[in-house]
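Shown next, in structure tokens, is the structure this report addresses.
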Amino acid sequence: MPRTVMEAEAIQDELRTLLDLTGPGPRSPARVAGVDVAYDRDRLAAAVTVLDGTTLEIVEKVAVSGRVAFDYVPGLLAFREVPALLDALERLSAPPDLVVCDGYGLAHPRRFGLACHLGVLTGLPTIGVGKTAFVGTYPTPAPERGSWTDLTLDGDVVGRVLRTRHGIKPVFVSVGHRVDLATACHNVLNLTPRYRLPETTRAADRLSREALIENCRPDLVGSAQYDEMG
DNA sequence: GCGACAG
DNA sequence: ATCTTGTCGC
């Protein structure tokens, strides 16, 4: 783990050279994973929920708990969440065909957000879905579900501002690893039949919060302990 | 120079 | 992210 902002940024610049932006990525993934991390002071719980890509039913879930290893710094979120998420992902019975991250991917100051970071370290296809603006400029997309606009940063299209529900605040989609932007948005729309956020994200968010509470008695099936210094 | 800034 | 009462809207 990096100890300073400078070290962390250097690691991002290094790992970015391993990023695969070729695509296209899966259009009909059988297993889609959602990942999220919940916090309580210096404790954290990372969750991975795998959904059937067609029915959106949860088919597998894993949660791990541990301690915060890196303070939150805009642009360096991955160093705070990736270690625990890697641990959780490795405990799955089988790898997912796509991982939907809670945050940004290529739409990042150094073009290497959480989704890119997790993708490069796991080798899995990943995409990022952010709830609020972080970097880039964009026009407001039309109110209909499915409409979108370019998210531009330094003259590059780094993502899309996508409307997943009619008349409701859009989400920010950017690619992570091994998936192109159109395929990423296609998957996000398939994962949002009813709510603004992908079912994968909603499921992982719930599980991470539950795990944070159930953490007091780590004797439940599907849970595990995770730790690292900070 | 100052403020903003994924989760 | 998380802390948190009331409040606005459907």
Side-chain angles (χ1 to χ4, degrees), chain A residues 1-2 5 8-9 11-12 15-16 19 33-49 63-86 88-89 99-121 126-138 143 151-154 156 158-162 164-177 181 184 188 194-198 200-213 215 226 228 230:
Chain A
M1 280 291 276
V5 167
E9 294 181 341
I11 289 174
Q12 292 183 323
L15 291 178
R16 190 182 57 212
L19 198 56
V35 297
D36 194 21
V37 180
Y39 302 88
D40 177 30
R41 304 283 184 171
D42 64 330
R43 294 192 309 124
L44 65 77
V48 177
T49 48
V64 301
S65 59
R67 287 182 170 289
V68 170
F70 203 89
D71 286 329
Y72 172 69
V73 177
L76 301 180
L77 175 66
F79 294 97
R80 187 172 166 79
E81 309 203 330
V82 163
L85 290 177
L86 278 178
L89 282 167
V99 178
V100 180
C101 302
D102 199 346
Y104 285 62
L106 197 65
H108 176 277
R110 282 169 300 285
R111 305 296 196 277
F112 200 73
L114 171 66
C116 299
H117 203 130
L118 193 60
V120 165
L121 295 190
T126 62
I127 65 174
V129 179
K131 298 183 287 292
T132 62
F134 178 37
V135 291
T137 57
Y138 57 93
L151 176 60
T152 304
L153 179 62
D154 301 325
D156 300 323
V158 294
R160 284 183 186 174
V161 180
L162 177 67
T164 55
R165 303 300 306 162
H166 186 113
I168 291 179
K169 182 180 175 183
V171 296
F172 299 79
V173 181
S174 57
V175 307
H177 186 57
L181 190 51
V188 170
R194 174 154 189 206
Y195 297 98
R196 177 193 176 222
L197 299 179
T200 38
T201 300
R202 290 164 46 77
D205 180 74
R206 277 175 305 208
L207 179 57
S208 66
R209 296 192 196 215
E210 288 173 11
L212 201 55
I213 295 173
N215 191 5
Y226 169 82
E228 184 167 322

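We name chains A, B, ... by the order of the sequence lines, and we start the count at 1 in each one. All figures in this text were calculated on a predicted structure; none of them were measured in a lab.
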Within the pair A/Lys131 and B/dA6, is there a side-chain N or O less than 4.0 Å away from OP1 or OP2?
no

Atom pair distance, as rounded to whole Å: CG in A/Asp102 and P in C/dA1:
7 Å

Heavy atoms only, 4.0 Å cut-off, all strands: where does A/Gly75 land among base, sugar-phosphate and nothing?
base

Send over the distance from A/Arg110 CZ to B/dA6 C1', rounded to a whole Å.
12 Å

When rounded to whole Å, the CD to P distance for the pair A/Glu81 and C/dA1 reads 9 Å

Nearest whole angstrom, please: distance from the C1' of B/dA6 to the CD of A/Gln12.
12 Å

For a quick check of understanding: with a heavy-atom distance under 4.0 Å over all strands, which category does A/Asp36 fall into, base, sugar-phosphate or nothing?
sugar-phosphate

Does A/Asp36 pair with A/Arg209 as a salt bridge, N-O distance under 4.0 Å?
no

Which word best sums up how the rings of A/Tyr138 and A/Phe172 line up, parallel for under 30°, tilted for 30 to 60°, or perpendicular for over 60°?
perpendicular

A/Asp205 atom CG is separated from C/dA1 atom C1', nearest whole Å, by 10 Å

Can you measure A/Phe134 atom CZ to B/dA6 atom C1' for me and round it to whole angstrom units?
5 Å

Roughly how many Å is it from NE2 in A/His117 to P in B/dA6, rounded to a whole number?
19 Å

Tell me whether the OP1 or OP2 atom of B/dG7 has a side-chain N or O from A/Thr132 closer than 4.0 Å.
yes

For the residue pair A/Phe112 and A/His117, does the interplanar ring angle fall in the parallel (under 30°), tilted (30 to 60°) or perpendicular (over 60°) class?
tilted

Which of the following nucleotides, B/dC5, C/dT2, B/dG7, is nearest to the side chain of A/Ala38?
C/dT2

Using a cut-off of less than 4.0 Å, is there contact between a side-chain N or O of A/Tyr39 and OP1 or OP2 of B/dG7?
no

Look at all strands and tell whether A/Gly130 reaches a base, only sugar-phosphate, or nothing, counting heavy atoms closer than 4.0 Å.
sugar-phosphate

Using the rule for Phe, Tyr, His and the six-membered ring of Trp, do A/Tyr72 and C/dA1 stack at under 5.5 Å and under 30°?
no

Taking atom types as modelled, find out whether A/Tyr39 and A/Glu81 have a side-chain donor-acceptor pair closer than 3.5 angstrom.
yes

Would you find a donor on one side and an acceptor on the other, under 3.5 Å apart, between the side chain of A/Gln12 and the backbone of A/Ala78?
no

Could you please name the option among B/dA6, B/dG7, C/dT2 that lies closest to any side-chain atom of A/Arg80?
B/dG7

In this structure, how many angstroms lie between the C1' atom of C/dA1 and the CG atom of A/Leu76, rounded?
16 Å

